[in-house]
There are 2 protein chains.
Amino acid sequence: MEIKNIKLLICDDHTMLSQAIAGFLKDQSFVEKVFVCTNAKDTIEEFKKDKYDVVILDVNMPEMSGIELSKFLSNEYENLKIIMLSMRSDILTVKECIRNGAHGYLLKNADLTEIIEAIKRVLAGKSYFSKQISESLLDSQYNFSSLKDDIFITPREREILSLVITEKSTKQISEALNISENTVETHRKNLMKKTNTKTTVGLVKYAIERSLF
Amino acid sequence: MEIKNIKLLICDDHTMLSQAIAGFLKDQSFVEKVFVCTNAKDTIEEFKKDKYDVVILDVNMPEMSGIELSKFLSNEYENLKIIMLSMRSDILTVKECIRNGAHGYLLKNADLTEIIEAIKRVLAGKSYFSKQISESLLDSQYNFSSLKDDIFITPREREILSLVITEKSTKQISEALNISENTVETHRKNLMKKTNTKTTVGLVKYAIERSLF
DNA sequence: AAAACAATCACGGAATTCCGTGATTTTTAG
DNA sequence: CTAAAAATCACGGAATTCCGTGATTGTTTT
């Protein structure tokens, strides 16, 4: 099957990156159109106007993240291929992207030409991951610790975490939520267990890095 | 004065971005050469081999930051023009860049064509800042609070902060750096004062949010 | 209905952070 | 050469986090 007349959409709040990549892709012979968006809303709008074969989505965007957008688009458009773009290489994020419809995952510090490779692969019904990612993914298949990695934070835990990262102490949180300090501590302990961190610092990093708030 | 035969060097650990921008710049008539680096070390090496008119440096890079690199290059090469590239728009960072020799400051979410404008401006001996930045800079001239904002984190403090965010305790840090726990505590206290935070959590947020590491 | 999960609470002790206050020694820049 | 800035250290006490261990009560899910 020959690939041609492909229509692409890139969504990344770093305009400089998306425009530059768009310029690069426009030069490719198999590309018919490249549309650039800087946020999820515009992307959804544009999808109502035209049909696209492949979208390249930044994972971390304000308002609506690329992951949420991916979930939405993959539900709406059956044949659409989705490639995520991210500067983070942690497996949890990658897995979450896959669960939400992504077919490929590219690192921003990968070589630019990987994009071409990725587009061709996903159009051929296969998947594509930056080298570093695919290695980690393979590891995680055989690695025990990666399984318990599949973390689910409960609503209450998330609520407590949100207060933790605003520099509230256990006492302050307990007062804000009208529960005992012991309970708050238990939640914090469980959070640390689930996120596999030892200190509040780790918790904060976990939360911020995957832009939970 | 006409601008032509310009040699550019781009340094950004996000290869995808630097390569894409390089592609864009190569198409410009006034550009003779564009060299791409992904880290400070390679950049310094390359400068020993060839002469450049303008460098575009990412502010946040692992190992040696763009700011440090800027300081080094502006000292070594008198006529070199330096444009910083960053995703953060906080004035403190901008000011620090200026202090360290930068002539321009571009946001990654600015329009790609701004680069052309910036290059032409700095080559003409002027400065260039993304709109959002120049507005903030103007504000800060008249705004009191922005002055006391002028935080200077010393190299040592930065070092300690980097260990703090890797979940190291005061004791562990003191051992790693071979200094007393008291000293580490003092640094932490000073950091919290300077960053206007009350807890380690705040410190971690400060560091991550402006991607200091 | 039983198992699994979520949310709640308790206690005690070790470890760590936080805070004020003050001081000495390098190092750096004018 | 001298200020200024940076890095070093000290002490003591209050506050907070961290950790283990265990338990009760609802609420889903199968």
Original post:
Roughly how many Å is it from CD1 in I153(B) to P in dA5(D), rounded to a whole number?
Top reply: 17 Å
Original post:
Given atom CD of E175(B) and atom P of dA15(C), what is their separation to the nearest angstrom?
Top reply: 14 Å
**OP:** Report the nucleotide, chosen from dA10(C), dC18(D), dT17(C), that has the shortest atom-to-atom distance to any side-chain atom of N182(A).
**Re:** dA10(C)
Polar atom pairs between nucleotides 6-8 of chain D and protein, under 3.5 Å, N or O only, would you list them?
from: dA7(D); atom 1: OP1; to: R156(B); atom 2: N; distance (Å): 3.1
from: dA7(D); atom 1: OP2; to: T154(B); atom 2: OG1; distance (Å): 2.2
from: dT8(D); atom 1: OP1; to: R156(B); atom 2: NE; distance (Å): 3.1
from: dT8(D); atom 1: OP1; to: R156(B); atom 2: NH2; distance (Å): 2.7
from: dT8(D); atom 1: OP2; to: R156(B); atom 2: NE; distance (Å): 2.9
from: dT8(D); atom 1: OP2; to: H187(B); atom 2: NE2; distance (Å): 3.1

Subject >> Nearest to side-chain heavy atoms of S169(A), which nucleotide of dT17(D), dC19(C), dT21(D) >> reply: dT17(D)
**OP:** Answer yes or no: is there an ion pair linking K108(B) with D13(A), defined by an N-O contact shorter than 4.0 Å?
**Re:** no
Subject >> F72(B) side chain near I44(B) side chain, heavy-atom distance below 4.5 Å >> reply: yes
Subject >> Gap between atoms NZ and C1', on K189(A) and dC9(C) respectively (whole Å) >> reply: 11 Å
Original post:
Pick one: which of S130(B), S86(B), S127(B) meets side-chain hydrogen bond (donor to acceptor under 3.5 Å, both in side chains) with Y105(B)?
Top reply: S86(B)
Original post:
Could you state the CD-C1' distance from E181(A) to dG13(C), rounded to the nearest angstrom?
Top reply: 16 Å
**OP:** List in chain and number order the residues that pass salt bridge (Lys or Arg N to Asp or Glu O under 4.0 Å) with E181(A), two or more places apart in sequence or in another chain; answer none if no residue qualifies.
**Re:** none
**OP:** Round to a whole Å and report the spacing from NZ of K171(B) to C1' of dT16(C).
**Re:** 10 Å
Original post:
Which part of the nucleic acid, if any, lies within contact of E185(B), taking any heavy atom under 4.0 Å across all strands shown: a base, the sugar-phosphate backbone alone, or nothing?
Top reply: base
Original post:
Does T170(B) have a side-chain nitrogen or oxygen under 4.0 Å from the phosphate oxygens OP1 or OP2 of dT16(C)?
Top reply: no
**OP:** Please state how far atom CE in M192(B) lies from atom P in dA15(D), giving the value in whole angstrom units.
**Re:** 16 Å
Original post:
Does the pair K131(A)/D111(A) count as a salt bridge with the N-to-O cut at 4.0 Å?
Top reply: no
Subject >> Residues E159(A) and R156(A) bridged, charged N to O under 4.0 Å >> reply: yes
Original post:
Which heavy atom of I21(A) sits nearest a heavy atom of L112(A), and at what distance?
Top reply: CG1-CD1, 4.2 Å
Subject >> Gap between atoms CZ and C1', on R158(A) and dA7(C) respectively (whole Å) >> reply: 17 Å
Original post:
At under 4.0 Å between heavy atoms, what does K198(B) touch on the DNA or RNA strands: base, sugar-phosphate, or nothing?
Top reply: sugar-phosphate
Original post:
Separation of L203(A) atom CG from dT16(C) atom P, in whole Å?
Top reply: 18 Å
